Each structure stands twice: as structure tokens, then as C-alpha cells.
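Just so it is clear, the structure is predicted and the values come from calculations on it, not from any experiment. As a basis for the values below, the full set of heavy atoms in this structure was taken, side chains included, without hydrogen atoms, waters or symmetry mates.
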Amino acid sequence: MLSIFFICLALGALVGFLAGLLGIGGGLIIVPVLSVLVFKMGIVDAQSAFLVAVATSLCSIIFTSFSSALTHHKHNNVNWTLSLWILVGVALGSGVGSFFAEWISVEMLRIIFAVTVSFVAFRMAFSGSKHPSEADIKPSKWILMPVSGVIGALSSLIGIGGGALIVPMLSQLHYDVKKSIGIASVAGTCIAVVATVGYVTSGWDEHSITDWYLGYVYLPALAGVVMTSSIFAPIGARMVHRLPVLVLKRLFAAFLTIVVANMVFG
């Protein structure tokens, strides 16, 4: 228990920084790393390892995304009118996704994950850096809500905050990339809260609180990640204003490519 706690301290520092910099909740790193850790260290069996990693990741995202969202709000990077429609969609989607998570195979989730993130990485790597001004953009709520719902469901199934999908979605609508990252941080908090409730409820009879579980959430790993991620998320968020948009997008694409390679070949 102590070993995984200290490993997750280092893990939390990394994902916190990326959460602030790229508008993600860190789950793209937490889930593959933690699923291996809890299995190899004999904490849970292979069948439960992925669910425990996803649930713990989502619970940690509550803290990292909230910390990042506050920083982005202070820098006026959150359009709350636009965020409202996205929040409604991701809340509904993440609730449905976490409810059905136990009945979907890990292999199928890996395929969906790899295909989706590969597309996202390609889109971000080869799109341009020019965007119309925010005042000229009026994305339709009838597009944002259903697409956000799908993103929320997928995010809750694979344990991510949704930023890896929300940022490119808004970029596709020619919305400013830095403001997209701010909105993604807010949406990530919403996804994490709703999905965590689902995983705690569904895992309540599977694991005991005396064994340091809250449903499927493994508390020692959660504590390690949260203690450092909340500190490093604001640092990453401040770095957004020191990097040009094109460099930011290339960095985002490179990060997603590494994650896909790890999931497919790891």
C-alpha cells in the first residue's frame, strides 16, 4: 500500500502538470499505469484491475480538473455560456457510461480507445494554428450537446476527463484552442464527479472500505495522485500563456500518440 502511494505521488505530479497544460484530467496516463500497478502488486485480480484504475483515475480527475479550471477561469479562458451546453451533454453521457462499464470488455475498450485517440492525435498534429476570434463563433447547442454526451460516455468508460476529445471538437468548430482547453477543464470536472458516483455505487459490494476501497476507487493510489496533481495543475495551466498555439497543438498530438502506442503495444 505504501509503495503504490509513493509511486502515485510521482504519477500525480506528471498528470497534474499535463492537466493544466493540455486541459486533460490525466486519465490517459493514470489508467494504463495504475491498471498494471494494482495487478502486478497483487492488489486486485486481472479482471478488476482496469475498473479499479478507471474509477480511481476519474476520482482523481475531480481534483486535478477543478484546480486547472479555476486557473483557466482566472485567465478568462472559460466561456461559461458555451460551457453550459457541453456540461449538460457530458453529465448525461458519463452517467450512462459508468453504469454500463461492468458489461463492456476491456479488449473492446482498448480498440475504441486506440482508434479514437489516433484520430484525435492526427487531427491536432496537422491542423493549423489560425482561428477566428471567439466573438465570431456561435457553435450550435444542438451539435454540442449530443456530441458532448458521446464524449462523456466514452470518457467515463476509459477513465479520462474528456479533454482529449473536447479540445479537438471545439477546434473543429474553429474555436480558440486556449479557450477550448479552459472549457475542457470544466467539463472534465463534471465528467469525473458523475462517473465517480457511478463507480462507487456499482463497486460498493465488490470491495470493502476496510481494504481501503470506496467502491472501485482505491484510496491509497487516489491519495498519492491527488496530493501532487493539484499542486502541479496550476503550473501547467500558467504555461499555456507562454507557448504559441501551434507548439501547444503539436505537443498535444505527440502526447496522444505515445498513449496510443502504450495501449496497443504495452
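- Checked by atom type and distance alone, the side chain of T56 never pairs as donor or acceptor with a backbone atom of A53 at under 3.5 Å.
- Nearest heavy-atom pair, V167 versus A184, reported as atom, atom and distance to 0.1 Å: CG2-CB, 3.8 Å.
- Under a hydrophobic clustering in which Ile, Leu, Val, Met, Phe, Trp and Tyr are joined whenever their side-chain heavy atoms come within less than 4.5 Å, directly or via other members, L14 and V31 fall into the same cluster.
- Cluster membership for I158 and V96, using ILVMFWY side-chain heavy atoms within less than 4.5 angstrom, is not shared.
- Within a 6.0 Å sphere centred on CE of M145, heavy atoms belonging to other residues, nucleotides or ligands number more than 12.
- In the hydrophobic clustering of this structure, V33 groups with V44; members are Ile, Leu, Val, Met, Phe, Trp, Tyr whose side-chain heavy atoms approach within less than 4.5 Å, directly or through other members.
- Taking both residues in full, the closest heavy atoms of G182 and V78 are given as O-CG2, 3.7 Å, listed atom of the first, atom of the second, then distance.
- Under a hydrophobic-cluster definition in which Ile, Leu, Val, Met, Phe, Trp and Tyr are linked whenever side-chain heavy atoms come within less than 4.5 Å, directly or via other members, F99 and V88 are assigned to different clusters.
- A donor-acceptor pair under 3.5 Å is absent between the side-chain atoms of Y216 and the main chain of F50, judged by distance alone.
- Although no hydrogens or angles enter the test, the distance criterion places no donor-acceptor pair under 3.5 Å between the side chain of S180 and the main chain of L170.
- You'll find the side chain of V90 stays beyond 4.5 Å of the side chain of S155, heavy atoms only.
- Checked by atom type and distance alone, the side chain of S65 never pairs as donor or acceptor with a backbone atom of I62 at under 3.5 Å.
- In this structure, A195 and S156 approach most closely via the heavy-atom pair CB-CB, 3.7 Å.
- A donor-acceptor pair is defined here as one N or O able to donate and one able to accept, closer than 3.5 Å; no such pair exists between the side chain of T196 and the backbone of V193.
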Test side-chain contact (heavy atoms from CB on, under 4.5 Å) on I151 and I166; report intermediate values, then the result. CA-CA 7 Å; I151 290 174; I166 292 172; 3.9 Å; yes

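- Considering every non-hydrogen atom in both Y199 and A55, the closest pair reads CB-CB, 3.7 Å.
- Residues H72 and I181 form a side-chain contact, since some pair of their non-hydrogen atoms from C-beta on lies under 4.5 Å apart.
- Closest approach of I61 and G188 over heavy atoms only: CG2-O, 3.7 Å.
- Within a 6.0 Å radius of CZ in F5, other residues, nucleotides and ligands contribute more than 12 heavy atoms.
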Begin from the C-alpha positions of L157 and V54 and carry the test side-chain contact (heavy atoms from CB on, under 4.5 Å) through to its verdict. CA-CA 7 Å; L157 287 172; V54 168; over 6 Å; no

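- No more than 12 heavy atoms of other residues, nucleotides or ligands sit less than 6.0 Å from atom CG of D205.
- Distance alone, capped at 3.5 Å, places no donor-acceptor pair between the S48 side chain and the D45 backbone.
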Where do W204 and L214 land on the side-chain contact (heavy atoms from CB on, under 4.5 Å) test, with the steps shown first? CA-CA 7 Å; W204 194 259; L214 188 63; 3.5 Å; yes

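- You'll find the side chain of I4 reaches within 4.5 Å of the side chain of V38, heavy atoms only.
- Residues I231 and I30 fall within the same hydrophobic cluster, defined by Ile, Leu, Val, Met, Phe, Trp and Tyr side chains chained together at heavy-atom separations under 4.5 Å.
- Looking only at side-chain heavy atoms (C-beta outward), I29 and L11 come within less than 4.5 Å of each other.
- Nearest heavy-atom pair, G159 versus L58, reported as atom, atom and distance to 0.1 Å: CA-CG, 3.8 Å.
- Classified by interplanar angle (parallel below 30°, tilted 30° to 60°, perpendicular above 60°), the ring pair Y218/Y213 is tilted.
- One N or O on the side chain of T228 and one on the backbone of A13 form a donor-acceptor pair closer than 3.5 Å.
- Proximity of W80 to V186: side-chain heavy atoms (C-beta onward) are separated by under 4.5 Å at one or more points.
- Looking at heavy atoms from C-beta onward, K179 lies out of side-chain contact with I183 at the 4.5 angstrom threshold.
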How far apart are the C-alpha atoms of I86 and M169, what are their side-chain angles, what is the distance that settles it, and do they pass the side-chain contact (heavy atoms from CB on, under 4.5 Å) test? CA-CA 11 Å; I86 295 176; M169 175 189 74; 4.3 Å; yes

